[in-house]
Amino acid sequence: MISLAGRDILHAWGKFVFTGIGLGLLIGATFTMAGVYRGMVDDAKVMLDNSGADLWVVQQDTLGPYAEPSSIYDDTYRSILSISGVARAANVTYLTMQVRQGERDVRVLVTGVTADGPGTPGWPPYLVAGRQITRSHYEAVADIATGFKLGDRLQIRRNQYTVVGLTRRMVSSSGDPMVFIPLKDAQEAQFLKDNDAIVRSRARTSQNPALNRPGVPGLLDAVITSQSTNPYVNAVLVQLEAGHVSEDVAGSISRWKRLKVYDRAQMENILVGKLIATSARQIGMFMMILTIVSAAIVAFIIYTLTMGKIREIAVLKLIGTRNRTIAALIMQQAIALGLIGFVVGKITATLWGPFFPKHVLLLPLDAVIGLVAVVVICILSSIIAIRAALKVDPAEAIGG
Amino acid sequence: MVGKGIRIEGLKKRYGNGDTAVDALKGIDMQVAPGEVVGLVGPSGSGKSTLLKCLGAVIEPTAGRMILGDEVIYDDGWKVTDLRALRRDRIGFVFQAPYLIPFLDVTDNVALLLMLAGRPNGEARSRAMELLEALDVGHRAKAMPSQLSGGEQQRVSIARGLVNRPPVILADEPTAPLDSERALAVIRILNDMARKYDTAIIVVTHDEKIIPTFKRIYHIRDGVTYEEAGEGRAFD
């Protein structure tokens, strides 16, 4: 038996191909939305992986340092180092901001890392060009997604930084590329005021009789000095010694230091389950709408194609064609349309994905799920047309 | 008497019930022998199409008897269970318009019926080619329907009606869209095919050009048929 659907498609291939391309662009948009979500999850995991930490020590009752602000003293890490099971501990700060380079500015996650050298928690684990930070001030390592090059001069707050190294795939959970700078500079950047604000602040302090006592020399200077420095960091990143269980070490830190400690699984849950949850729902809604639109288009096209063949279907039924042969003709056309759309969608998503400003991760598993979904949607969408075709009276082929 | 062909006795068809019921057929008697072509003539609304639909097992009569070949297919109820198979295997149809499947070439349009019956594609196409040659359209075997003239399309349509070697062919105004010359050619072809394949052919028409060509004519009016001898002019 010949394939009626195949012959019909070959006969009207232009109509099928162009409809399939239109459908494919919609499917491509759906794949891209899925890729954006996957990219966000991947960015979050990559950020955790690249931090090199086993535990994140943050301010009590916060979901810091990524999902909520967290502030702990910068000498906390010393006491954490003394706890059994802790191999390395390092301060870290995170600040999302616009970094200027010449006439342009780039949104980045400025990360302050301690000057202990490569391998320290928080440091970029590898570079693609240049070197790591070796000086304690005004050097930076940037992710290549920033567009910065070695030797570029960046402006963070009032200070200039020289890009000495480039790394790759170091991004925040929201996809902003990271720029690493020395911790002291980062602490300063978080709290540094402009000159006018400093002058006003000093004036206010000096006018406060409680802080400016003529009988207590040096008090005013001490207060002003304390207001000009920042002894806080956002978190302490901890690496465990081999053979120690993260729960036990986390429990010790939490109990003795009265701080909140998250292990890798908990931090991943915070990032994926809380930080990007709303974005994920938003993307899910978009995908649902695109899926419904795609299904409606397939249903409309197949219904229109079927209605255009009513007389032929009546003839086919009159000469003894089985209902299942007619249903197969329509369903196979719907599936063929879906497959054309799937191929076009996969290709377009792959081609335009890299041009998106955020990471678009197209997983093979998503493609397989997408293929199954497209086929199922096409089958369901063809039901209306099949019902219409099966209702055609073969008597319509006879008489007026 | 008809040994094969088709015979109809007291066939009735009523649409609707009660006060709104319409008797479209009030007791039709007909018989067509193998190799014979008869005309079924009547004005619009006389019941021609209803009779054709009953004969084609598309709608169910209300009462009467139909014998196809040696088999009673209807006797106050269908006597065959698979009407679709009955239409596919034992009744040929030729329509007012050719209604060829636009996405199949000429050969497959004709061979489709056999393929649907489960015959191998090669055998079906071979039989289709034989008929297309007989109907002088063999040279258009690979053409698509849209590439054929009206007369060629109708000949392909006749080939499709004949391909399953049915004992009866029902032709519903097959010459309506054709001019006189082509209409007569189609009737001549139907007569040739009826004789060649021993098929009974009923041609529904109100085309004045071709009525004189039938040797036997059934006039239908108000759901009742009247038989009369025709002139059989074109084929003497």
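Per chain, numbering begins at 1; letters A, B, ... match sequence-line order.
- Summarising the local packing, CG of B:Asp76 is surrounded by more than 12 heavy atoms from other residues, nucleotides or ligands at distances under 6.0 Å.
- Your options are A:Leu318, A:Val315, A:Thr325, and the one with the most heavy-atom pairs under 4.5 Å with chain B is A:Leu318.
- In this structure, the side chain of A:His11 engages the main chain of B:Pro102 through a donor-acceptor pair within 3.5 Å.
- For A:Lys309, the part lying near chain B is the side chain, with the backbone staying farther off; criterion is any non-hydrogen pair under 4.5 Å.
- Neither the backbone nor the side chain of A:Leu10 has a heavy atom closer than 4.5 Å to any heavy atom of chain B.
- No more than 12 heavy atoms of other residues, nucleotides or ligands shown are found within 6.0 angstrom of CD on A:Gln282.
- By the neighbour-count criterion of 12 heavy atoms within 6.0 Å, atom CZ of A:Arg168 is sparsely surrounded, having that number or fewer from other residues, nucleotides or ligands.
- Annotation: side chain of A:Ile319 is not in contact with side chain of B:Asn164 (no heavy-atom distance under 4.5 Å).
- Annotation: the span from B:Tyr99 atom OH to A:Arg311 atom CZ amounts to 3.0 Å, rounded to 0.5 Å.
- Side-chain contact check for A:Asp8 versus B:Ile101: every heavy-atom pair is 4.5 Å or farther apart.
- The environment of B:Tyr74 atom OH is dense: over 12 non-hydrogen atoms of other residues, nucleotides or ligands sit within 6.0 angstrom.
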Check step by step if side-chain contact (heavy atoms from CB on, under 4.5 Å) holds for A:Ile2 and B:Arg125. CA-CA 11 Å; A:Ile2 54 177; B:Arg125 288 192 177 117; 3.3 Å; yes

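- Residue-level contacts of residues 82-93 of chain B with chain A, in order of numbering, are B:Arg84, B:Arg87, B:Arg88, B:Phe93; threshold 4.5 Å between heavy atoms.
- Around CH2 of A:Trp13, the count of heavy atoms belonging to other residues, nucleotides or ligands within 6.0 Å does not exceed 12.
- Residues from residues 111-121 of chain B that place a non-hydrogen atom less than 4.5 Å from a non-hydrogen atom of chain A comprise B:Leu112, B:Leu113, B:Met115, B:Leu116, B:Asn121, given in numerical order.
- Residue-environment remark: OH (B:Tyr15) exceeds the threshold of 12 foreign heavy atoms within 6.0 Å.
- Heavy-atom contacts from other residues, nucleotides or ligands closer than 6.0 Å to CZ of A:Arg7 number more than 12.
- For CZ of A:Phe286, the number of neighbouring non-hydrogen atoms (other residues, nucleotides, ligands) closer than 6.0 Å is 12 at most.
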